[in-house]
Chemist: 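Here you go, one structure.
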Amino acid sequence: MTNCFSLAIHGGAGVPPHAQMTADREGECNRALERVLAMAEAILRGGGAALDAVTEAVCALEDEPLFNAGRGAVFTVAGTHEMDAAIMDGRGCRAGAVAGICGPRNPVRLARSVMEHTDCVLMIGDGAHALGRDTGIVFEESDYFFTQERWDALQETLRLRTSGVRDEDQSRRHGTVGAVALDRNGNLAAATSTGGMTGKRKGRVGDSPIIGAGTFASNESCAVSATGDGEIFLRLSVAHEIDARLRLCGEALDTAAKRVVLSDLAALGGSGGLIAVSRTGDVSLPFNSDGMYRGWSIENGSRGTGVY
Ligand code: ASP
């Protein structure tokens with residue numbers, strides 16, 4: 001055990017090409033990441049649990065309309081919201097997740113309710129919403145989640161689709177938020193939350209709420225939260241693949257994470273990235289997309305935020 005904390009957050013791999021990003025927008029994103037990073041660092045510096053740090057970090061990112069989760073989530077093809085979220089406690093590999101929900105202000109809190117108040121791992125539909133009401137989760141009307149920017153992105157995606165063009169603009173297509181942490185007691189945790197892909201089919205579920213694909217944490221190895229083309233992350237069980245490389249092959253975190261993102265994912269045409277922290281406090285933030293909104297903090301080590 002290191003007795004030091006490590007933390008990483010992300011606001012998704014849905015970033016525009018660098019040439020199209022304005023300095024104002026990039027500054028706004030970095031400031032938002034910095035705010036969330038500082039808040040989660042304070043929890044860990046005060047001796048708080050990794051599980052609480054990732055929960056609060058993801059809630060703050062869900063509340064921030066700049067990123068695709070909670071308020072500011074992207075729209076389905078039908079103009080509705082269907083959100084996915086997961087959380088995993090590395091201590092005992094407990095996990096909770098929800099898929100296709102709309103109502104809870106912070107989907108990650110409902111995922112945590114699944115973990116803490118049921119014997120399930122993944123819940124959907126009315127049953128998930130009922131659990132939220134029973135466990136005191138705050139609900140919002142659907143207009144709370146609306147942002148003009150995401151609505152306009154849906155219209156553009158649908159227009160391109162009608163003319164037979166796949167929307168290659170990563171900032172319009174997708175995004176996600178996530179956090180991973182190692183606390184001073186040596187416990188790891190991961191959490192991920194997303195609106196999914198713009199113009200997705202109703203009922204489509206991505207990698208974010210699937211334990212081992214978009215989210216994973218085990219005190220034996222590492223904590224991972226992913227972002228990108230969900231179907232490819234699902235097919236490769238990305239987060240668990242990194243865990244397996246650490247445990248079974250003895251690879252270093254950065255070697256394993258880079259191999260999966262830059263080689264395995266890329267070979268199947270999967271665009272995106274992930275954040276990961278190991279049981280020894282190493283942090284890795286690889287992406288094969290134009291960029292990934294991210295922040296990291298290693299106690300007594302490096303710290304920062306970045307987009308490209
Ligand atoms: N992985 C998310 C999904 O497929 C989207 C993203 O992270 O960009 O739902």
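All ligand and atom numbering here is 1-based and tracks the order in the structure.
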Chemist: Strictly distance-based, threshold 3.5 Å: is any side-chain N or O of D169 a donor or acceptor partner for the main-chain N or O of R172?
Modeler: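 Checked: pair present.
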
Chemist: Report every pair formed by an N or O atom of ligand 1 and a protein N or O atom separated by less than 3.5 Å, giving atom names and the distance to 0.1 Å.
Modeler:
unit_1, atom_1, unit_2, atom_2, d
ligand 1, 1 (N), D207, OD1, 2.6
ligand 1, 1 (N), G228, O, 2.7
ligand 1, 4 (O), R204, NH1, 3.3
ligand 1, 4 (O), R204, NH2, 2.8
ligand 1, 4 (O), D207, OD1, 3.4
ligand 1, 4 (O), G230, N, 3.1
ligand 1, 7 (O), G175, O, 3.4
ligand 1, 7 (O), T176, OG1, 2.5
ligand 1, 7 (O), T227, OG1, 2.8
ligand 1, 7 (O), G228, N, 2.8
ligand 1, 8 (O), H174, ND1, 2.4
ligand 1, 8 (O), G175, N, 2.8
ligand 1, 8 (O), G175, O, 3.3
ligand 1, 9 (O), R204, NH1, 2.8

Chemist: According to side chain to side chain contact (heavy atoms under 4.5 Å, CB included), who are the partners of A42, at least two apart in sequence or on a separate chain?
Modeler: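 Checked A42 against side chain to side chain contact (heavy atoms under 4.5 Å, CB included); zero matches.
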
Chemist: Are the side chain of E241 and the backbone of V260 linked by a donor-acceptor contact shorter than 3.5 Å?
Modeler: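 Not a single qualifying donor-acceptor pair exists.
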
Chemist: Taking all heavy atoms of R279 and all of E220, pick out the closest pair and write down the distance.
Modeler: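 That would be CD-O, 3.0 Å.
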
Chemist: Does R71 qualify as a cation-pi partner of Y144, given the criterion of NZ or CZ under 6.0 Å from the six-membered ring centre and within 45 degrees of its axis?
Modeler: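 Positive - R71 is close enough to the ring of Y144 and near enough to its axis.
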
Chemist: Look at R112 together with D52 and state whether they make a salt bridge at an N to O cut-off of under 4.0 Å.
Modeler: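 Looking at R112 and D52, the cut-off is met.
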
